Amino acid sequence: MKLAIMGGTFNPIHIGHLVCAEEAVSRYRLDKALFMPTGFPPHKEILEGASSEHRFRMCTIATEGNPRFEVSRFEIDRRQVSYTVNTIRHFRREMPDAELYFITGADAVLEILEWKDPQELLTMATLIAATRPGYPLDKISGALDVFLRENRVKIIEIPGIGVSSTLIRNRVAEGKSIRYLVLEGVRQFIQEKGLYRKT
């Protein structure tokens with residue numbers, strides 16, 4: 001079993017997240033990509049605009065129809081600060097024979113040595129760093145050279161999609177369209193629940 005965990009606030013999940021996961025699944029012939037909405041992120045601002053349940057539901061809507069995509073409630077239900085190493089430890093215990101991967105953005109990978117227990121994390125799972133076209137790969141190779149040589153960090157380039165969760169939240173707040181930036185079901189959910197609107 002080759003399982004990739006893709007963590008993030010997913011506030012909201014958008015097409016960039018889905019393209020990234022699909023590229024990783026295809027490139028490394030993974031059996032599953034498990035989307036892991038963060039419960040309480042240690043390094044990000046307090047989540048606003050959508051509850052944990054809303055974010056989980058949007059992930060579920062967005063991944064429906066792809067048999068290799070699943071969504072996990074693990075970090076949301078723990079109700080503790082979400083550290084990647086703790087999540088990987090859990091899945092290592094639950095699936096001792098699985099080959100684990102963790103998908104994240106290249107910018108986040110550059111900060112990995114500041115994460116909780118980074119050395120242990122890199123012994124339990126291979127990191128897949130997703131970059132956009134034109135991203136200076138020498139930044140990664142310079143910071144993580146030893147892990148690249150040991151094949152503990154892999155780099156994939158995904159199409160340059162200029163969309164982010166912040167952009168989507170701002171556009172909703174400004175009354176602008178987010179059609180085609182998120183899957184249609186997610187757009188409808190945001191509209192029906194009144195998420196991200198100015199109060």
Side-chain angles (χ1 to χ4, degrees), residues 1-39 41 52-53 55-78 82-109 112 115-132 135 137 140 144 147-161 163 165 182-186 189:
M1 177 71 168
K2 297 176 72 173
L3 172 69
I5 296 168
M6 186 169 183
T9 55
F10 300 120
N11 189 30
I13 189 169
H14 54 71
I15 58 170
H17 295 129
L18 300 169
V19 169
C20 178
E22 178 65 19
E23 181 66 18
V25 166
S26 174
R27 176 79 61 89
Y28 299 110
R29 299 181 180 177
L30 306 178
D31 297 294
K32 294 285 181 185
L34 188 65
F35 289 75
M36 181 75 60
T38 305
S52 296
E53 291 302 323
R55 292 185 293 111
F56 174 80
R57 181 65 185 134
M58 286 188 282
C59 285
T60 302
I61 292 169
T63 56
E64 286 173 348
N66 188 324
R68 294 185 186 273
F69 286 179
E70 291 183 7
V71 184
S72 171
R73 296 184 58 90
F74 174 72
E75 289 192 0
I76 288 175
D77 289 345
R78 288 187 75 221
S82 301
Y83 290 107
T84 300
V85 69
N86 291 339
T87 298
I88 299 298
R89 283 172 184 155
H90 168 78
F91 283 93
R92 175 55 63 215
R93 288 192 299 267
E94 294 293 310
M95 308 172 69
D97 297 325
E99 188 174 339
L100 298 181
Y101 295 78
F102 186 80
I103 306 170
T104 190
D107 290 335
V109 166
I112 190 172
W115 293 8
K116 180 179 173 64
D117 301 330
Q119 300 285 349
E120 181 184 359
L121 172 62
L122 286 163
T123 62
M124 293 189 295
T126 300
L127 263 67
I128 298 175
T131 72
R132 58 189 179 276
Y135 186 89
L137 297 181
I140 298 177
L144 299 169
F147 300 118
L148 288 166
R149 287 200 307 268
E150 294 173 357
N151 215 26
R152 303 307 300 167
V153 174
K154 298 179 182 293
I155 300 171
I156 59 171
E157 185 177 284
I158 61 173
I161 300 173
V163 59
S165 296
V182 298
L183 266 66
E184 179 61 14
V186 173
F189 184 88

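Every value quoted in this text rests on a predicted model; they were computed, and no experiment measured them.
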Original post:
Are more than 12 heavy atoms from other residues, nucleotides or ligands located less than 6.0 Å from atom CZ of Arg68?
Top reply: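 Check fails, neighbour count at 12 or below.
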
Note, [X] side chain near [Y] side chain (heavy atom, < 4.5 Å):
X      : Y      : value
Glu120 : Ile88  : no
Pro37  : Met58  : no
Leu122 : Val153 : yes
Leu18  : Phe69  : yes
Leu100 : Met124 : no

Subject >> Verdict with supporting geometry, Leu183 and Ile61, side chain to side chain contact (heavy atoms under 4.5 Å, CB included) >> reply: CA-CA 8 Å; Leu183 266 66; Ile61 292 169; 5.8 Å; no

Nearest 0.5 Å please: distance from the [atom1] atom of [X] over to the [atom2] atom of [Y].
X      : Y      : atom1 : atom2 : value
Asp117 : Thr123 : CG    : OG1   : 10.0 Å
Ile158 : Thr131 : CD1   : OG1   : 7.5 Å
Ile156 : Cys20  : CD1   : SG    : 5.0 Å
Leu3   : Glu94  : CG    : CD    : 12.0 Å
Lys116 : Leu121 : NZ    : CG    : 11.5 Å
Thr38  : Asn11  : OG1   : CG    : 10.0 Å

**OP:** Under the side chain to side chain contact (heavy atoms under 4.5 Å, CB included) rule, what do Cys59 and His17 come out as? Steps first, then yes or no, please.
**Re:** CA-CA 10 Å; Cys59 285; His17 295 129; over 6 Å; no

Check: [X] side chain, [Y] main-chain N or O, donor-acceptor pair, under 3.5 Å:
X      : Y      : result
Arg55  : Ile13  : no
Lys32  : Pro67  : yes
Ser72  : Met36  : no
Thr126 : Arg152 : no

Original post:
Can you name the nearest heavy-atom pair linking Gly16 to Val163, along with the distance?
Top reply: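 Heavy atoms of Gly16 and Val163 come nearest at N-CG1, 4.1 Å.
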
**OP:** Over all heavy atoms of both residues, which pair between Ala21 and Phe35 is shortest? Give the atoms and the distance, please.
**Re:**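 Scanning both residues completely, I find the closest heavy atoms to be CB-CZ, 3.5 Å.
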
Subject >> Parallel, tilted or perpendicular: rings of Tyr101 and Tyr28 (30°, 60°) >> reply: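 Answer is parallel, since the angle falls under 30°.
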
Original post:
Can you say whether the rings of Phe74 and Phe91 are parallel (under 30°), tilted (30 to 60°) or perpendicular (over 60°)?
Top reply: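 Because their plane-to-plane angle is over 60°, the rings of Phe74 and Phe91 count as perpendicular.
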
**OP:** Mind jotting down which residue pairs meet the salt bridge (charged side-chain N to carboxylate O under 4.0 Å, His left out) criterion with at least one end in residues 2-25? Sequence neighbours excluded, please.
**Re:**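 Output for this query lists Glu23-Arg27.
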
